[in-house]
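What follows is one structure encoded as structure tokens, with my remarks underneath.
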Amino acid sequence: MQRKAETQTIVRKKDNFSEWYSEILKRAKILDIRYPVKGVYVWYPYGYKVRNLVYGILRSLMDKEHEEVLFPLLIPKDELMKEKEHIKGFEDEVFWVTKGGSTELDIPLALRPTSETAIYPVFKVWIRSHRDLPLRIYQIVNTFRYETRHTRPLIRLREITSFKEAHTAHATRADAEEQVKKAVALYKSFFDQLAVPYVITRRPEWDKFPGAEYSIAFDTLMPDGRTMQIGTIHLLGESFARTFDIKYEDENGSLQFVNQTCYGISERCVASVIAIHGDDHGLVLPPTVAPIQVVIVPIVFSRKAGISNNGVESVSVEKACVAVYDELNEAGIRAFVDNSEDRPGAKYYRWEMKGVPLRIEIGPRDLKSNNCEFVRRDNTKRTHVPLSDVVPEVKRTLEGIQGDIHEAAKETLHANIYKNKSEDKMEMEELRRKAEHGIVSLFLCDRERCGQELEDQLGVSVLGKAVAVYEAEEKDKSEGECMICSRKAKRVYVARAY
RNA sequence: GGGGUUGUAGGGUAGCUUGGUCUAUCCUUCGGCGUUCGGGACGCCGAGACCUGAGUUCAAAUCUCAGCAACCCCA
């Protein structure tokens with residue numbers, strides 16, 4: 001009986017995160033990586049349910065102030081090439097459709113790497129007057145990028161299957177900047193609901209979105225000590241409006257260019273949930289996005305009617321399970337009764353792998369005392385709960401799990417942000433070590449040369465200046481000397497990045 | 001971008017050096033039957049693969065080339 005336990009243990013997350021990650025995707029049935037095209041993968045039904053719950057949260061946040069649309073996948077070459085800065089950032093990664101059947105196309109069609117150049121020509125047509133503004137739309141679509149670096153499921157893809165991109169147009173720059181702030185707040189709320197902690201930075205000039213005035217990014221910390229960008233927000237200003245000639249007539253009857261923003265989130269948000277909360281037994285899903293929030297496991301001795309244990313018939317165990325299921329279902333909780341023929345132990349392992357936040361066991365022993373047993377996925381704590389209190393207790397427990405895993409994740413992130421003091425002339429070698437397993441906050445001036453120099457010396461990427469993440473950071477207006485050139489500098493975050 | 005390694009059932013392996021009666025093995029795979037059932041049960045029976053294409057050859061899992069894919073190292 002114990003023989004298997006050893007061999008079935010997966011690679012430990014701490015020892016080899018990369019292997020652990022692909023193992024989990026496979027075993028928890030999130031993604032099938034066996035599709036024979038580089039960098040594209042198949043969502044399993046279970047994984048797709050998680051994805052849809054995650055994007056359901058995002059949708060409901062977006063829908064408050066944006067309208068959902070759907071633009072075409074194909075972009076004609078001349079439109080794609082219009083914005084020079086923009087295309088510079090993407091041209092090496094574009095997939096092209098050059099033939100229709102065996103006929104060479106006059107104008108090659110690009111598979112969208114992102115949709116600015118598909119959407120903005122249409123904005124030109126849609127926007128006529130100040131009354132059309134602000135215009136706020138979003139879509140959730142697949143995008144294609146010919147990645148040459150090592151691809152990774154959900155993280156670096158050639159087909160991003162779930163790109164939520166929002167595009168807004170405003171009358172004034174102030175309005176557009178206001179929208180950037182709203183988008184930051186919206187993304188905060190989104191990642192908070194996923195229990196995924198983040199740092200928010202303003203990307204350095206040399207690393208902003210091609211065509212943007214500035215870019216703000218959300219990064220989270222992965223278990224291998226690298227940061228991963230999980231959301232970006234860009235102030236486009238008038239650059240695209242000038243390129244695509246998007247103008248509106250203001251109250252005085254004169255034509256003005258619109259001010260734009262755009263912001264996006266991809267399925268990396270799903271990857272972050274998996275990577276951050278999972279453990280050596282598998283997935284640990286936040287209740288907000290768990291396809292099954294509660295799994296009910298009947299403990300029965302035989303399916304044959306009439307056979308009893310402790311004087312309790314199996315049939316009544318099953319009935320009790322269904323009764324609990326009905327109550328939960330009615331209360332809007334996603335529950336499931338595992339009636340399969342497997343032994344209870346096998347069921348425990350399976351649902352732990354799939355990250356179900358709460359397991360309820362009901363057996364003859366419990367039934368005699370009118371109880372059931374709760375087992376939390378995150379901390380394996382077991383409690384006895386009267387059958388009459390199941391619904392409120394489940395609600396309380398799920399909230400507890402959601403809060404606890406969020407707190408734990410925040411603590412991990414905090415514990416791995418190392419703040420280098422201005423007067424602390426720490427050796428580069430030591431900073432490099434700090435950056436091995438987290439984020440380093442240090443003083444660096446705005447010049448690209450210094451940024452590149454530091455990136456080379458430390459083997460890191462500059463994430464940028466912290467933007468209002470936690471109260472403490474917001475108030476940190478301290479200045480120091482640039483690590484490289486000793487000029488006046490502000491704090492930036494640096495880390496090894498995905 | 002450069003270099004290297006690899007591709008055999010759902011997963012893991014062996015076989016390749018030296019082509020032949022080449023398929024085999026294990027499992028946490030799948031199916032059937034039975035006994036089991038409070039932390040991955042067991043028995044029996046059965047299923048399932050040589051990455052794709054071209055070439056060499058009487059003969060290719062094995063040799064050659066190309067493609068595709070995966071992994072590793074360096075930039």
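Order of the sequence lines sets the chain letters (A, B, ...), proteins ahead of strands, with each chain counted from 1.
Using atom P as the reference point in both B/A75 and B/G19, the two lie 41 Å apart (nearest Å). For the P atoms, the distance linking B/U52 with B/G11 amounts to 14 Å, nearest Å. A distance of about 14 Å separates the C1' atoms of B/G48 and B/C26, rounded to the whole Å. Using P as the reference atom, B/C50 and B/U23 are 12 Å apart when rounded to the nearest Å. Nucleotides B/G53 and B/G10 are separated by 26 Å at their C1' atoms, to the nearest Å. Comparing the P positions of B/U36 and B/G43 gives an interatomic distance of 16 Å, to the nearest angstrom. Nucleotides B/A14 and B/C51 have their P atoms positioned 14 Å apart, rounded to a whole Å. B/U57 sits 16 Å from B/U62 when the P atoms are compared, rounded to a whole Å.
In the interface, the side chain of A/Glu361 is not paired with the base of B/G39 through any donor and acceptor atom under 3.5 Å apart. Residue-to-nucleotide contacts include a donor-acceptor pair under 3.5 Å from the side chain of A/Asp366 to the base of B/G38.
Counting to the nearest Å, the P atom of B/U28 and the CE atom of A/Met353 are 15 Å from each other. The CD-P distance, from A/Glu352 to B/U28, rounds to 19 Å in whole Å. Here the C1' atom of nucleotide B/G40 and the NZ atom of A/Lys347 are 13 Å apart, to the nearest Å. Atom P of nucleotide B/G38 and atom CZ of A/Arg359 are separated by 13 Å, given to the nearest angstrom. Distance, A/Asp32 CG to B/A69 P: 16 Å, rounded to whole Å. In this structure, the CZ atom of A/Arg27 is 6 Å from the C1' atom of B/U28, given to the nearest Å. Rounding to whole angstrom units, CD1 of residue A/Ile24 and C1' of B/U28 are separated by 14 Å. Separating the NZ atom of A/Lys29 from the C1' atom of B/U28 is a distance of 11 Å, rounded to the nearest angstrom.
With a 4.5 Å cut-off on side-chain heavy atoms, A/Thr232 and A/Phe209 do not count as touching.
If you find the closest nucleotide of RNA chain B to A/Glu23 and to A/Val375, the one lying nearer the 5' end belongs to A/Glu23. Mapping A/Arg158 and A/Arg350 onto RNA chain B via the closest heavy atom, the residue that lands nearer the 5' end is A/Arg350.
Proximity of the aromatic rings of A/His384 and A/Phe374 is defined here by a centroid distance below 6.0 angstrom, and this criterion is not met. Side-chain rings of A/Tyr35 and A/Tyr41 stay apart, their centers remaining 6.0 Å or farther from each other.
The closest donor-acceptor contact from the side chain of A/Arg268 to the backbone of A/Gln229 lies under 3.5 Å. At least one donor-acceptor pair under 3.5 Å links the side chain of A/Arg334 to the backbone N or O of A/Pro287. Checked by atom type and distance alone, the side chain of A/Glu165 pairs as donor or acceptor with a backbone atom of A/Ser115 at under 3.5 Å. The main-chain N or O of A/Phe443 is never found under 3.5 Å from a side-chain atom of A/Arg491 such that the two would form a donor-acceptor pair.
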task = Mind running side-chain hydrogen bond (donor to acceptor under 3.5 Å, both in side chains) on A/Thr288 and A/Gln193 for me, showing each step along the way?
result = CA-CA 7 Å; A/Thr288 46; A/Gln193 288 183 63; over 6 Å; no
task = For A/Leu398 and A/Gln293, run side-chain contact (heavy atoms from CB on, under 4.5 Å): C-alpha distance rounded to whole Å, both residues' side-chain angles, the deciding distance at 0.1 Å, then the answer.
result = CA-CA 8 Å; A/Leu398 291 181; A/Gln293 295 169 308; 4.1 Å; yes
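A/Arg396 and A/Glu399 are not joined by a salt bridge, as no carboxylate oxygen comes within less than 4.0 angstrom of a charged side-chain nitrogen. A/Glu373 has a carboxylate O that lies under 4.0 Å from a charged side-chain N of A/Arg365, or vice versa, which qualifies the two as a salt bridge. Salt bridge annotation for A/Arg376-A/Asp404: present, with a cationic side-chain nitrogen under 4.0 angstrom from a carboxylate oxygen.
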task = Spell out protein contact along nucleotides 3-13 of chain B as letters: B when the base is contacted, S when just the sugar-phosphate is, - when no protein heavy atom is under 4.0 Å; keep the 5' to 3' order.
result = -------SS--
task = For each nucleotide in nucleotides 70-75 of chain B, reading 5' to 3', give B when a protein heavy atom comes within less than 4.0 Å of its base, S when such contact involves only the sugar-phosphate, and - otherwise.
result = SSS---
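Stacking annotation: A/Tyr348 is not stacked on the base of B/G39 (requires ring centroids less than 5.5 angstrom apart and an interplanar angle below 30 degrees).
Scanning for salt bridge (Lys or Arg N to Asp or Glu O under 4.0 Å) contacts around A/Glu205 gives A/Lys208, with sequence neighbours left out. Remark: A/Trp20 pairs with no residue by the side chain to side chain donor-acceptor pair (under 3.5 Å) rule, at least two apart or across chains.
Relative to the ring axis of A/Tyr146, A/Arg158 places its NZ or CZ within 45° and under 6.0 Å from the centre.
Between the side chains of A/Tyr348 and A/Asp342, no donor N or O sits under 3.5 Å from an acceptor N or O.
Of the residues in residues 319-326 of chain A, not one comes within less than 4.0 Å of RNA chain B through any heavy atom.
In this model, the phosphate group of B/G39 is not approached by any side-chain N or O of A/Arg343 to a distance below 4.0 Å at OP1 or OP2.
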note = Dot-bracket assigned to RNA chain B with the 3.5 Å Watson-Crick/G-U criterion, [ ] for crossing and | for other-strand pairs, is (((((((..(((((.....[..))))).(((((((.....)))))))...(((((..]....)))))))))))).
